[in-house]
Amino acid sequence: MDRRQFVGICAASAAALSTHSWHALAAGVQEFPAVKLVDAQGVPLKAATLATHQAYLFNYPFRAVPCFLINLGKPSAKAQLLSGESGSYEWPGGAGAQHNLVSYIAICTHQMSYPNKATSVIRYAGDGSELAEKPGMIVCCAHGSVFDPAAGAVKVSGPAEQPLIPVRLEVDPLDDSISATGVAANELIERFFQAYKVDFIAEYGPGGYRQPVEASARTVLLDQFSKTVTNC
Amino acid sequence: MSNEQSRRDFLKLGGTALAMGASGLAAAATTAPGAAKNQAAAVSTAIKADLPKAKGPRLVVVGAGTSGLTIAKYAKRYYPTFDVVLVEKRDMYASCFSSNLWYAGLVDLEFLADHSFLDAAVNNKYIYFNATVTGLDRTSRKLVTNKGEIDYDYLVLAPGIDYDYGKIGVTDAAAVAALHQTYPGGFTQSTEHVTIRRKVREFEGGVFLQSVPSGNYRCLPAPYERACMIASVIKKNKLKGKVLILDANPEITIKAQGFHAAFDELYKGIIEWRASSPIIGVDVEKKQVSTDVETISFDDAAIYPNVRGAILIEQLGLMAPSSHSNQKEAHIDTRFNNFIGDERVYVTGDSRNQPYSKSANTSNTEGHTIARVLAARAQGKEPEWVAPQTICYSMVNADPMEAISVDAGYDYDAKTDLITGFSKTTKVFNDRSTARAQATLEWARGIYRDIFNA
Ligand code: FES
């Protein structure tokens, strides 16, 4: 098979997957160009080799927006209808052959704590945490919100009122690579930009934080993304 | 018409208007009962506050602290038809929460005060009205301020606390004024924080006294956290000095283990904690406090008297009888916070009489619930109740920053209609850590975002 052919097949299969797993969500999805998740060296991640004890972080769909990539280590719950700030949407369940890969915008829907270079108070506690009753939860230590990533990141306990915002993932069955291709419609990102504008201008330059991530997104474990990770 | 002329005309007109205004006032003065006896009688003409006409049911919120800011924002969000006016007497915000961190230089003043009432109002579609409340007429639903009257459909009062110096044996007004100005508690006005910050920086050794009152005072762990912050400065500056915690209570109410560990392991010889030692008198001149058993001299101090519901609550006739509050707090419904017998008037935040911890996170979570209650009632719906939550961090070490925390809920007993205490799910994190210190900062930033941003 030549390269052109291969790319062609990939695109076709990606398109098929996309319509297959997220069709119910289509109305509630903001489409963004697909971005391939790559490691620190630029090599595409492989779904089968992802760690399960903590989340990976990448920026998508804009440079300043962090997202979790989580290997649940088990199939996620089935697709379900959830309601968020911008109305209800269908969360499609996990991506990949085992339905074990999920992704969410890593901004706490409570008061918008997020992982930055220095610190993260929000994390995926694959092995459990003091705050959550069971392992495999996303915990935000700022005010103690707990979300279940295997069930659309609905709030399990704490003050948050909305689930975390899901990111659409596609796993290419041919090479096991992972792409992010859209996020559930939300108003959070605008508020996030507004709240952190001063910080973001300093870090990314005027408007830089709003620039779309293109082609590939560097994806690293949370403890490489943020210097200090709070373990509540 | 030249500019000169128009200016003169304008002045003339102004003069006429002033004269008319004066005669109008004089007429009011002579007709006012008792005014004839006193030439310089106080005069009051009822004027309406200069506010745009309400476009929906008007919700007036008094007090732009954590509670008032939360309710102004979320009532509007949950019921966009509300026309919300936030009345606040300050023209500059500074939080009481997190102020202890400033004493050790862990945050700067901008952290506490770089938050604008104007931005909060624009971001959340309400009006910030800079005025002081002076009266209330619940029959005609009028709130009186120094800038005129405001008609309301719903009213929320969130005026916070005032000090009760009588409970530490200081009753004479001159003594209270001297004590408050010289050794402020640091739990009401921002200017107190500025004074304490100066005291900490100027401390050269000896005894720094930090008292802890009895009762449900604002922010239960704060005096101990502050002791740690001051002690960290003493330690850093290698001073011959200590913080003496004079505690009215037999034990630290919350996170006791974490605080004791910090006292013993980080501040041995620098923090001395004396339990069951309520202050019964203070001599500001001599720099002495007395307890039942001793008189103690100090070099500098932050004297935290008992607290009470804001005096405004008493002035407006909303104070609970002593059977319902021994701290002059508001007489309100246990779950929905409306004044008993009036579903148009609510009291929230630290003037409430429920035994919740008087902390920012409690007011923030309570504010979300009461905003929903208001939205429901304005639409003729039954409100739902959710208990507030108190997540509260205490910084115990400054170098490196380390903190402990508690995550508390509350139980409600429907039979007695009382909040019975902390819920079973309450978790205390007594092992201090640097990660929790980061969360301490983020806890505060989150609340600022919630009350000032969209
Ligand atoms: S910001 Fe996450 S719990 Fe408050």
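What you see is a predicted model, and the numbers here were worked out from it, not measured in a lab. Every chain is numbered from 1 and lettered A, B, ... according to where its sequence line falls, protein lines coming before strand lines.
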Exercise: identify the closest heavy-atom pair between [X] and [Y]:
| X | Y | answer |
| --- | --- | --- |
| B:Arg449 | A:Ala195 | CD-CB, 3.9 Å |
| B:Trp443 | A:His143 | O-NE2, 2.9 Å |
| A:Arg191 | B:Ala454 | CD-O, 3.0 Å |

How about [X] and [Y]: do any of their side-chain heavy atoms sit closer than 4.5 Å?
| X | Y | result |
| --- | --- | --- |
| A:Gln194 | B:Asn123 | yes |
| B:Tyr393 | A:Cys141 | yes |
| B:His368 | A:Pro159 | no |
| B:Asn364 | A:Gln111 | yes |

Chain A contact via [X] - side chain, backbone, both or neither, heavy atoms under 4.5 Å:
| X | result |
| --- | --- |
| B:Asp119 | neither |
| B:Leu441 | neither |
| B:Gln438 | both |

CG-CZ distance between B:Asn453 and A:Phe192, expressed to the nearest 0.5 angstrom: 12.0 Å

If the contact rule is any heavy atom under 4.5 Å from chain B, which residues of residues 119-130 of chain A qualify, in numerical order? A:Thr119, A:Val121, A:Glu130

Non-hydrogen contacts under 4.5 angstrom with chain B: give the residues of residues 208-232 of chain A involved, or none if there are none.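 A:Thr228, A:Val229, A:Thr230, A:Asn231, A:Cys232 fall under the 4.5 Å cut-off.
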
Please indicate whether [X] has more than 12 foreign heavy atoms, meaning atoms of other residues, nucleotides or ligands, lying under 6.0 Å from its [atom1].
| X | atom1 | result |
| --- | --- | --- |
| B:Glu265 | CD | yes |
| B:Gln379 | CD | yes |
| A:Lys78 | NZ | no |
| B:Lys125 | NZ | no |
| B:Glu384 | CD | no |

Examine whether an atom of A:Glu187 lies under 4.5 Å from a heavy atom of chain B, and if so say whether it belongs to the side chain, the backbone or both; otherwise answer neither. neither

